[in-house]
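Just so it is clear: chains get the letters A, B, ... in the order the sequence lines come, proteins before strands, and each one is counted from 1.
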Amino acid sequence: MEQKGPSRVTFYVWQLPVRLFHWINALCIVLLIITGYLIGNPVALQNSQEAHMGHWFGTVRLIHFAAAYVFLFAWIYRIIYAFMGNQYARWTNYLPLSQKQWDEFKDVIAIDIFMMVEERKIHSPGHNSVACLSYLFLGLASVFQIASGFGLLAPMSEWWIADLFTWIVPMMDGDTNVRFWHHLMMWFFVIFTMVHVYIVAFHDYVEARGTTSSMIGGWKFVEEKDLQK
Amino acid sequence: MANRIVVDPVTRIEGHLRIEAEVKDGKIVEAYSSGTMVRGLEIILKGRDPRDAWAITERVCGVCTTVHALASIRAVEDALKIKIPPSAELVRNLMFCAQYMQDHVVHFYHLHALDWVDVVSALSANPAETSKIARSISPWPKSSPKYFGAIQDRVKKFVASGQLGIFSNAYWGHPAYKLPPEINLLGVAHYLEALEWQKEIVKIHAIFGGKNPHPNYVVGGMPCSINIEEVNSINIERLSHVKSLLQEAKTFVEQVYIPDVLAVAPYYTDWAAIGGGLSNYLSFGDLPTNGYNDPLSFKFPRGIILDRNLNEVVEFDVNKVEEYIARSWYTYGTGDNKGKHPWEGETNLNYTGPQPPYEFLNVEGKYSWLKTPRWDGKPMEVGPLARMLVGYVSGREEFQEVVNGALAKLNVPATVLFSTLGRTAARALETQLVSNWSFEFFDQLMANIKNGETRMFNNEKWDPTTWPATAKGVGLTEAPRGALSHYINIKNQRIDNYQLVVPSTWNASPKDPQGQRSAYEEALVGTPVANIEQPLEIIRTIHSFDPCLACAVHLYDENGSYVHQLNTF
Amino acid sequence: MEERQTFWDKMQEKGYTRRDFLKFCAWIGAASGLQASSIGSLVHAMETKPRPPVLWFHFQECTCCSESFVRSSHPIVADVVLDHISLDYTETLQAAAGHQAEEARRHTMEKYKGQYLMLVEGSIPTAANGVYCCIGGHTALDIVKEAAAGAAAIVAWGNCAYAGCVQGAKPNPTQATPIRDIIKGKPIVNVPGCPPIPEVMAGTIVHYLAFGRLPQLDSQGRPKAFYSRRVHDTCYRRPNYDAGLFVETFDDENARKGYCLYKVGCRGPVTYNACAVTKWNEATSFPIQSGHGCIGCSEAGNWDNAPLYEHLPGVLGYTSETDADTVGMVAAGITTAALGVHALTANARKRKQIRKQIEESPGGK
C-alpha cells in the first residue's frame, strides 16, 4: 500500500548570499577562536630550533589577522544584504521592535526552551525571534571584536582599515583592557557556537523541517497544518 | 619667649618633610618633625598577588630604590618558606652593594655637601692651592690646577649669568660655613664628578635587574639567568662589566669620597658634639653569606645598642616592636595612647591638623602622617651610624679597623660618633666596607659559575596553588637609611594584610604618648641656631640622617583587620 | 636687567669650538628625530636662546623621576642644570630650604610669568581637600593650580603625574589624580614610565629648548618620538615570539637562551615606550634583556592589570586564580550541562510529537 505523508509547503528561505555568508562567517569564527585561544595561551613546544628557522606563532597570528579581515568584510557584506535580500534576510528581523516579535519570542521560549507546550504552529519559516535576538547579540559581539581586534592591530598595521579603530584603545584605558575584553569575548563565540549547533540539531530532530540542510540548499519544509494563518 | 621657626619644605631629601623648632637663646629647645604627604599603599596592596608586592612597594621610594623590593620578596619567601639559590643571593647582594655606594655618594655630595660647602666661597679659591690639597689627600688624577681652574671658571660664569638655578637663595655666606675657599672649590668639583659617576655604578642594577631606578626582582630568586655560553644571558661580557664598575666604584669611594669626608671633618669638629640625639641604635643587619635565615652570617650584623653602651649588643626581638599614633593623624579603636604591634596594625586616617594654607602645625596635638615605632617602648635611631655601631660592638674586625682608623686619623675618641658629624662619617666608612665586600660577592659568584652553580630561581612554590591557605612572613633588610621591615599576611593566595615599618618612620616620627622624642627631634634639641632666618644648622643635622619621607609615610588598613602573631620568625 | 646667556655663549666659555657646538646641535637634532635640513635652525636657536627658567614640583611621588633624570648620559645632567636650563626650584637638588626655597619659586613665578617651564613629578591627592600632600603649609592642589596658571608649558613626569601610578591604583584612597585631569587649557607633555627613561626625560627638555616648541604628541599627550612604538614590536626577542619560543618559567632552559617572556607576563605587547630601543642606563640593558618581562610601567592602569606574571589581568582582580579563560571554560561547562539537560528533557517531552511524525512519514511504519 502506498503511504502518503502529511503535505508540506516548501519555502526557499536562505538565498545564496545568506548561505555563503553563514559558512564564511562560521569558518572565520572557528579559525579566530582556535588561533585566538593559542595567541592567548601559546602551547609549549619543545624544540631546539633557532628563532629564525621557525615562525609557527607568527603563522597563527597571521591566520588570525587574515580571518579577521574576512570576518569584517563578510559582516559588511551581510549588512548590505540585509537591505537587499528576501523577507527572511531583512534587517527588520534582527531588531526586536514589534509586538509581534515579542509574542513569538514568548511562544518560542515556551515551546523550544522549556518545552511546556506542545504547539507546532510556527510564525515564520525563517528565523524565529529568539534566534534573531541571538544573532543581534552575535552581531554586536562581532562589532566589538572587530573594533577591539583592529584597534590592537593598528600600531602594527600599515593599512587604513585597522587605523579606523584606533579610538577604542584610549576609550577603554589602554591596550591591556582591550586585550582582556577581546579575549573574554572570545568565549561568547564559543558558547554561541555550541548553543547554535545544538539548537539547529534540536529543531531538525523534533520538527523535521530540514533546518540543517536549509543552510546548504536554502529550502525549508513545513507541514501545512503547522503554518499559522 | 621662644621663637618658632619652620623649615618646610626640607629640601635635598626624598619626600615631604617639615620641621618646626622652638629656639631660645640661640639654641633649639623643642622640635617637631612632620611628614606632610601620604599615599595609602598598604590599602592598595590588599587583595593582590603576593608575588606582585615587590613591584608596588619598590615604588615607595625611588631614591633608595631596590630596598623595598628586597624586603618584600623576603617577606613573601619567609611566609612561603622559599629558599633561594646561592647565586641569586649573591646577585641580590651585589645589587645591594651598588645601591649603597650610589646612594651614599649621592647623599654626601648632592643632598648633604651643600650644608658644609659654600659654593659662592669657591669663587675666591686659588686653584693651585686646591690642587695642592687634593694631591696631598688622594691619588685621584683629576687634581691639576688647570682642572680646578676650569671648574672655577665654569661656576664663575654660571654665577655671572645671574641665574643661580639650584644654587639660588641658599644660605651662602652663613657664618657656620667654615671651610676655606680652596676646599669649597674641591667640594664643588667633586659634586660635579660624583653626579657623573653615580650614573655608572647603577649599571649593575641594569645588568641584573634591567634598569635603574626600580630594577626588577622576582620572588624565589632573580629574573636574570646566567648562561656563560649564551649571548642572551648573563655571560662573561656582562660579568666583566659588573667587575669593572665595582672597580671604578672602589676607586671613587677610596680616592674621592672618603678623603673628602676626612678633609672636611676637621673644620667641623664642633659638630662632633652636636646632634647626637637618641642613645639607642637598631640594625636589622644584611648581606647574607649563608642564606637569609642565618643572621649570624650577615656582613652587617643584627642587633641593638642601648644607652650608648659600647660593651653589649642586645638581641633584636621582632615581637617587641610597637607603633604609636598618639601624635599622628590616625586613630586606633582601642584608644590613641596604646601602641600596636605592626601585625595588629589598625588605623584610620584622621587629619586633625590645621586646614591649609597654614603657618604652624598644632604641635600640641597630632602633627604628622608618620606613626611612631618603638622597640620595647624605647625610641631607636636607625641608619649607617646604628649599623656601624652594632658592627663595631659585635667585635667584627672589619668594622673596628675602619672606625678606629678614621678616629686615629682625626685624633678623636669614639664618643664623637654620637653626633651629626659621626653619622655622616659612619656613612662614608660603611661605604668603604660595602665596596670591599662587593668583590667578595663577585668572586664567590664567579666561583659558583665555574662550579656550575648557576641556578637563579626556585620554581617550587611559584604556583599559588602550592601555597598554604594562610601564611605570614617578615622581610628585614637594611636600607641605606636604616632598618627596613615588611610584614605580610597571605590568605587564599592573596595579600590579606601588608605593613611597612621603615627607617624614616623610626627616625622622623613624632613623639610617643610618653612624650619621648624620636631621633630627628631629639637630635635637634640643643642644636645652636645662629640666625633663625637661615637655620642651616637644622638642615645639617636633619640631612645627616638622610631623610626619606615617601618611605615613612604610608597608611594602614582602614578597616583595622587583626593580624595574628607571626610564627615563622 | 641682566642678560641671559645663550647656549653658544656658554659653550664658548667652556672652551668648546664652533665645530663642537655644531656637532652638539647635530646630535640633539638626531636625538629628536630632526631632519638634516632643519639643523640650521637648531644651531640658530642654540646661539640666541637664553637659559629658560624651569620649576620642578614634587607631589605624591617617590623621586624616582628625579633619580632617573640625573642618570641621563646624553646630555649629562650637570650640563642640563648648569648650562641648558635655570632650574630654580627642585626639592631634591636645590641648595635652599624652607621659606628661602619657596621664595626662589615665587620669584621665578612672578618674574617669568607665562615663560617658565613647569615640570611635575607626582600625582595630586584631591580627597579631604588635599591635606594628603602639603608643602610649606599649602596643599599640592593649590600649588599646582597656581603654578600652572603662569607656566608656558607643563611636563608631567612619570606614571604618577600621567596616571596616578601606585597610589592611584585601586582603591586609590587619597584620590591621587593625574595632572592632565586637574589642569586644563595648558600644553601638557606626558612623559610616562616608572620612572621614564633618563635620556627620554632629558630629550624632552632639550627638544623644547632647542626648537622653542613642544615635541609632537600622540593622543595621550606623549611625545611621539618615544612613545609611538610598542616595546614588543621593537624588542630584540620578538623573533622568538613569532617562532613560538617561550620562557615557561624563570630561569628555565628557555630563559637561559633568551626566549620570549610573553608567557611569564611580559607587558611588552601592550606598552608604548622606547625601552627596547633607547634602553636604560646608557643602553646597558632593559628589563626584558635582563630576564624579567616588561611590567608596563608607562601605561595608565598598569598596576590594576594584575597579576604581573600573567599577560592578561585576572577577572576578579589582581590574582591568577580566575583569568578570562577560567571564566569562559566555566561558562562553556554550564552551557554544555544545560544543553545536556535540554536534550534529555526534549527526548521525554517531545517524544509524542517525534513519534507521531515518524508514524506519519511514509517510511515510518
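Put simply, of C/Q94, C/K279, C/H107, C/H138, the one with the most heavy-atom pairs under 4.5 Å next to chain B is C/Q94. Chosen from C/S73, C/S68, C/G258, C/S86, the residue pairing most often with chain B at heavy-atom distances under 4.5 Å is C/S86. The most heavy-atom pairs under 4.5 Å with chain C, out of B/V63, B/L114, B/V7, come from B/V63. Looking only at heavy-atom pairs under 4.5 Å with chain B, the residue among C/L93, C/I76, C/V131 that has the most is C/V131.
By the side-chain hydrogen bond (donor to acceptor under 3.5 Å, both in side chains) test, C/E282 is found to be paired with B/K203, residues two or more places apart in sequence or in another chain being considered.
Contact detail for B/P213 and C/P195: the closest heavy-atom pair is O-CD, 3.5 Å. Counting all heavy atoms, side chain and backbone alike, B/P9 lies closest to C/E102 at CD-OE2, 3.3 Å.
Looking only at side-chain heavy atoms (C-beta outward), C/P171 and B/I43 come within less than 4.5 Å of each other. For the pair B/N232/C/Y236, a side-chain contact is recorded, criterion being any heavy-atom separation below 4.5 Å from C-beta on. Two residues are said to be in side-chain contact when any heavy atoms from C-beta on lie closer than 4.5 Å; C/Q289 and B/C224 fail this criterion. By the 4.5 Å heavy-atom criterion applied to side chains, C/C133 and B/H16 are counted as neighbours. For the pair C/V264/B/W462, no side-chain contact is recorded, criterion being any heavy-atom separation below 4.5 Å from C-beta on. Contact of the C/V166 side chain with the B/R39 side chain is registered, since non-hydrogen atoms from C-beta on lie closer than 4.5 Å. Contact annotation: the side chain of C/C194 approaches that of B/R59 to within less than 4.5 Å [non-hydrogen atoms, C-beta and beyond]. Here the side chains of B/D8 and C/H99 are not in contact, with every heavy-atom distance at 4.5 Å or above.
Heavy atoms of B/N169 lying under 4.5 Å from chain C belong to its backbone as well as its side chain. Interface remark: B/H241 contributes side-chain atoms only to the contact with chain C (heavy atom separation under 4.5 Å). Contact annotation for B/F208: only backbone heavy atoms (N, CA, C, O) come within less than 4.5 Å of a heavy atom of chain C. Heavy atoms closer than 4.5 Å to chain C are found in the backbone of B/Y217, but not in its side chain. Both the backbone and the side chain of C/A255 come within less than 4.5 Å of a heavy atom in chain B. Both the backbone and the side chain of B/E533 come within less than 4.5 Å of a heavy atom in chain C. Interface remark: C/A128 contributes no atoms to any contact with chain B (heavy atom separation under 4.5 Å). Contact of B/N212 with chain C is made through backbone and side chain together, with heavy-atom distances under 4.5 Å. For B/W197, no part lies near chain C; criterion is any non-hydrogen pair under 4.5 Å. Neither the backbone nor the side chain of B/S34 comes within contact range of chain C, judged by heavy atoms closer than 4.5 Å. Looking at C/I295, the atoms closer than 4.5 Å to chain B (heavy atoms on both sides) all sit in the side chain, from C-beta outward.
In this structure a side-chain-to-backbone donor-acceptor pair under 3.5 Å is present from C/D251 to B/M456.
Relative orientation of the C/Y132 and B/W369 rings is tilted, given thresholds of 30° and 60° on the angle between their planes.
The closest side-chain donor-acceptor pair between C/R51 and B/S161 falls under 3.5 angstrom. Counting only N and O atoms by type, the side chains of B/Q198 and C/R71 include a donor and acceptor under 3.5 Å apart. At a cut-off of 3.5 Å, with distance as the only test, no side-chain donor of B/T11 or C/E91 sits close to an acceptor on the other residue.
Within the model, atoms CZ of B/F167 and CG of C/D88 stand 12.5 Å from one another, a figure rounded to the nearest 0.5 Å. Between the SG atom of C/C64 and the NE2 atom of B/H214 there is a distance of 3.5 Å, given to the nearest 0.5 Å.
Note on B/R48 versus C/D304: salt bridge recorded, some NZ/NE/NH1/NH2 to OD/OE distance being below 4.0 Å.
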